[in-house]
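Just dropping this structure here.
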Amino acid sequence: LAQDGGTAPPPPVVGVSSVVSQGAFPAVGLLVADYPSSQVSCTATLIAPTWVLTAAHCVQQQGAGGDDIHADQVRILLNSADSQATPLPAGAEEYIAVGWVINGGYEPTGFVNDIALVKRPTQSAITPLNLATDSTLVAAANGSPLPARVLGYGWSCATGCADGLLRQGSTQISSDDDAEAFTSGEG
C-alpha cells in the first residue's frame with residue numbers, strides 16, 4: 001500500500017525504480033545499527049557463510065555525538081524483500097552481529113574506502129553472493145562496459161524517506177576514467 005494509505009505503489013529509490021520480489025536476492029539484506037542517539041540502516045550483502053559486506057560508516061559513526069556502538073547493537077536481516085514484514089518471510093534470517101573489520105584505509109570524511117565486513121555468529125543457510133573477479137574488472141577497465149545490478153533498501157525520495165523495501169536498478173561498470181569524469185562533472 002502507498003504511504004498515504006492508497007493503493008499507488010511506493011515512490012522509487014533515488015535512481016532505482018523496481019521493487020524486488022521476495023527471495024529473488026536472498027544474500028542481500030539490511031543492517032540496522034542502534035546507536036545511543038540514533039539508528040542507522042544500511043544494505044548488507046552475504047559474501048561468505050559468516051561474513052556480510054557493508055559500508056564502514058554504518059558500524060563506525062564519526063561526529064554523531066561521539067556515539068560508540070557494540071556488536072550486540074547491530075542486527076542483520078537477510079532474504080527479506082520487505083524489512084518491515086511481520087512475521088518474517090520463510091527462509092529469512094535475522095541475527096545479531098558478533099564483530100566487524102573495517103577497511104584500514106577508511107576515512108570518514110569523504111567516505112574513502114568505506115567498506116566493512118560484519119561477522120555473524122553462525123554460518124548462514126543462504127548461498128553467499130559472488131563478488132566480481134579480476135577478469136571481470138579487467139574487461140571493464142579495457143573499455144567494455146559491463147551490465148551490473150544495484151540493490152538496496154535506500155532512500156525512496158531525495159529528502160531521505162525510506163519504506164523498507166529492497167529495490168533494484170541497472171547500470172554499467174566502466175573504467176575508472178569514466179567514473180572520474182562523471183564525478184567531476186565532465187562526463
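FYI, the numbering just counts along the sequence from 1.
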Exercise. Under the 3.5 angstrom rule, does the side chain of Glu107 hit a backbone N or O of Val112 as a donor-acceptor pair?
Worked result: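 Looks like no, no N/O pair under 3.5 Å.
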For this session: Any chance you could pull the hydrophobic cluster mates of Leu131, using side-chain heavy atoms under 4.5 angstrom and chaining through other members?
Result: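 Joined to Leu131, directly or through intermediates: Ile47, Trp51, Leu53, Val101, Ile115, Leu117.
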For this session: Taking Gln123 for its side chain and Ala48 for its backbone only, find out whether a donor-acceptor pair lies under 3.5 Å.
Result: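 Flag not set: sc Gln123 to bb Ala48 has no pair under 3.5 Å.
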For this session: Would you confirm whether Thr54, through its side chain, and Thr43, through its main-chain N or O, come within 3.5 Å as a donor-acceptor pair?
Result: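 Side chain of Thr54 to backbone of Thr43, a donor-acceptor pair under 3.5 Å: yes, one is there.
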For this session: Report the distance from atom OG of Ser83 to atom CG of Leu166, rounding to the nearest 0.5 Å.
Result: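 One gets 9.0 Å once the value is rounded to the nearest 0.5 Å.
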Exercise. If every non-hydrogen atom of Ala71 is compared with every non-hydrogen atom of Val98, which pair is closest and at what distance?
Worked result: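 Scanning both residues completely, I find the closest heavy atoms to be CB-C, 3.5 Å.
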Exercise. Are Thr122 and Thr50 close enough that some pair of their side-chain heavy atoms sits under 4.5 Å apart?
Worked result: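 In short, these two side chains do not touch, never coming nearer than 4.5 Å.
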Exercise. What about Leu46 and Ile76, same hydrophobic cluster or not, with Ile/Leu/Val/Met/Phe/Trp/Tyr joined at side-chain heavy-atom distances under 4.5 Å?
Worked result: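 Yes; tracing contacts between hydrophobic side chains, which count when under 4.5 Å, links both residues.
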Exercise. Hey, does the side chain of Asp114 reach the backbone of His57 with a donor-acceptor pair shorter than 3.5 angstrom?
Worked result: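 Flag set: sc Asp114 to bb His57 pair under 3.5 Å.
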For this session: Give the minimum heavy-atom separation between Pro49 and Pro128, together with the two atoms involved.
Result: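 Looks like N-CG, 3.8 Å.
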For this session: Indicate yes or no: at least one non-hydrogen side-chain atom of Arg167 is less than 4.5 angstrom from one of Leu151.
Result: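 Not touching, per the 4.5 Å side-chain cut-off.
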Problem set entry | Smallest separation among heavy atoms of Leu78 and Ala27, with atom names |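 Heavy atoms of Leu78 and Ala27 come nearest at CD2-O, 3.6 Å.
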Exercise. About how many Å separate CG of Leu129 and CZ of Phe25, when rounded to the nearest 0.5 Å?
Worked result: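 Rounded to the nearest 0.5 Å, the CZ-CG separation comes to 9.0 Å.
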Exercise. What distance do Tyr95 atom OH and Arg75 atom CZ have between them, rounded to the nearest 0.5 Å?
Worked result: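 Result: 12.5 Å between the selected atoms.
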Problem set entry | Heavy-atom side-chain contact between Ser80 and Pro89 under 4.5 Å |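 Ser80 reaches Pro89 side chain to side chain.
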For this session: Please tell me if the side chains of Ser41 and Leu30 come closer than 4.5 Å, counting only heavy atoms from C-beta onward.
Result: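 With C-beta onward as the side chain, the pair touches.
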Exercise. Is there a chain of hydrophobic side chains (I, L, V, M, F, W, Y, each step under 4.5 Å between heavy atoms) that links Leu31 to Trp100?
Worked result: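 Yes; Trp100 is reachable from Leu31 via cluster members.
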Exercise. Going by the salt bridge (charged side-chain N to carboxylate O under 4.0 Å, His left out) test, which pairs reach into residues 120-133, not counting sequence neighbours?
Worked result: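 Every pair satisfying salt bridge (charged side-chain N to carboxylate O under 4.0 Å, His left out) with a residue in residues 120-133: Glu93-Arg120.
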Problem set entry | Leu77 and Leu88: CA distance, side-chain angles, deciding distance, side chain to side chain contact (heavy atoms under 4.5 Å, CB included) verdict | CA-CA 9 Å; Leu77 173 64; Leu88 291 177; 3.7 Å; yes
Problem set entry | Partner set under side chain to side chain contact (heavy atoms under 4.5 Å, CB included) for Asp72, not counting sequence neighbours |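 Here the qualifying residues are His70, Ile96.
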Problem set entry | Donor on one side chain, acceptor on other, Gln39 and Asp34, under 3.5 Å |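 On atom types as modelled, these side chains qualify, holding a pair under 3.5 Å.
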Exercise. Are Val74 and Val32 side-chain neighbours, meaning at least one heavy-atom pair lies under 4.5 Å?
Worked result: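 With C-beta onward as the side chain, the pair stays apart.
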